[in-house]
Amino acid sequence: MSAEAIARLHEVHDLLVSFGDAPSIRRATELAGAAETVAACATELVDVTEPENLQLRLLFAAKALTAAEKAGRAHRRNPLTRPFSHMRFALKIGSAQGSLHVILAALDPDNTPPLPVAD
C-alpha cells in the first residue's frame, strides 16, 4: 500500500472539506487536477484488495470531481442556470468527499478525518 497515494487522497479530501460554504462554486478552479490525482492514486492502489470496492469508489470520486468542475464552468458561462449549477456543484463535492472519506477510513483508519457535522 502506498503511503504517498494515501497522503494525496488526504490532500484532496481536505480540499473538498474547504468547499463547505454556499459561494464556494466561485472557487471551482481550485479543483483543477483533483480528479487526475484521484485517478493516479487508483493506479498506485490497484493491488489493494480490502476494501474490495476501492477502485469503484475511487472511480466515483474522480467522476464526481470532474462533474463539479463542469458545474463550476457552467456557473460562469450561463447566468440563467446558476441555481442549478450551485446544486450540482454541492452534490458532486459531497459525493466525492463521501467516497474519499470511506476510502480513507478503510486504508488509514488512524488518520481518518472526522465526518462533517451539518449545522
Side-chain angles (χ1 to χ4, degrees):
M1 185 165 22
S2 172
E4 185 177 313
I6 293 172
R8 288 197 318 261
L9 290 175
H10 274 289
E11 289 172 9
V12 173
H13 184 270
D14 292 342
L15 173 66
L16 296 176
V17 169
S18 74
F19 280 94
D21 55 342
S24 63
I25 194 167
R26 293 184 184 98
R27 296 177 38 223
T29 56
E30 294 178 28
L31 292 174
E36 291 81 11
T37 301
V38 172
C41 292
T43 60
E44 291 181 33
L45 298 170
V46 73
D47 58 343
V48 174
T49 57
E50 199 57 42
E52 64 184 38
N53 61 355
L54 174 74
Q55 293 296 318
L56 187 61
R57 288 193 183 274
L58 287 169
L59 170 72
F60 288 153
K63 286 181 77 168
L65 288 167
T66 302
E69 285 183 78
K70 183 178 174 183
R73 287 190 305 271
H75 175 71
R76 286 190 304 273
R77 271 194 325 265
N78 193 350
L80 295 175
T81 61
R82 284 189 179 160
F84 296 116
S85 298
H86 279 284
M87 288 185 289
R88 267 196 327 246
F89 184 79
L91 175 69
K92 296 305 178 179
I93 290 292
S95 176
Q97 184 180 352
S99 292
L100 288 177
H101 189 272
V102 170
I103 291 165
L104 291 172
L107 296 179
D108 193 15
D110 295 334
N111 294 322
T112 302
L115 286 172
V117 178
D119 294 335

[X] side chain to [Y] backbone, donor-acceptor under 3.5 Å:
X: Thr66; Y: Ala62; value: yes
X: Ser99; Y: Ala96; value: no
X: Gln55; Y: Leu45; value: yes
X: Arg57; Y: Gly98; value: no

Can you tell me how far [atom2] of [Y] sits from [atom1] of [X], rounded to the nearest 0.5 angstrom?
X: Leu100; Y: Asp14; atom1: CG; atom2: CG; result: 10.0 Å
X: Thr43; Y: Asp47; atom1: OG1; atom2: CG; result: 10.5 Å
X: Leu65; Y: Gln97; atom1: CG; atom2: CD; result: 10.5 Å

Any chain of hydrophobic side-chain contacts (each under 4.5 Å) joining [X] to [Y]?
X: Leu16; Y: Phe60; result: no
X: Val12; Y: Val48; result: yes
X: Ile93; Y: Val102; result: no

task = With the side chain counted from C-beta on, respond yes when Ile25 and Phe19 share a heavy-atom pair under 4.5 Å apart, and no when they do not.
result = no

task = Evaluate the ring planes of His13 and His101, with Trp represented by its six-membered ring, and classify them as parallel (under 30°), tilted (30 to 60°) or perpendicular (over 60°).
result = tilted

key: Members sharing Val46's hydrophobic cluster (side chains within less than 4.5 Å)   = none

inquiry  = Assess the residue pair Leu58 and Leu9 against the criterion (side-chain contact (heavy atoms from CB on, under 4.5 Å)); give the C-alpha distance rounded to whole Å, side-chain angles, the decisive distance to 0.1 Å, and a yes or no.
reply    = CA-CA 10 Å; Leu58 287 169; Leu9 290 175; 4.0 Å; yes

task = Kindly determine whether Phe89 and Leu31 satisfy side-chain contact (heavy atoms from CB on, under 4.5 Å), including the steps that lead there.
result = CA-CA 11 Å; Phe89 184 79; Leu31 292 174; 3.8 Å; yes

query = Ile6 and side-chain contact (heavy atoms from CB on, under 4.5 Å): which partner among Glu4, His10, Arg8?
reply = His10

query = Thinking salt bridges, do Arg27 and Glu30 make one under a 4.0 Å N-O criterion?
reply = yes

Any pair counted as salt bridge (charged side-chain N to carboxylate O under 4.0 Å, His left out), so long as it reaches residues 86-98, sequence neighbours left out = none

query = Among side-chain atoms of Ser85 and Arg73, is any donor-acceptor pair under 3.5 angstrom?
reply = no

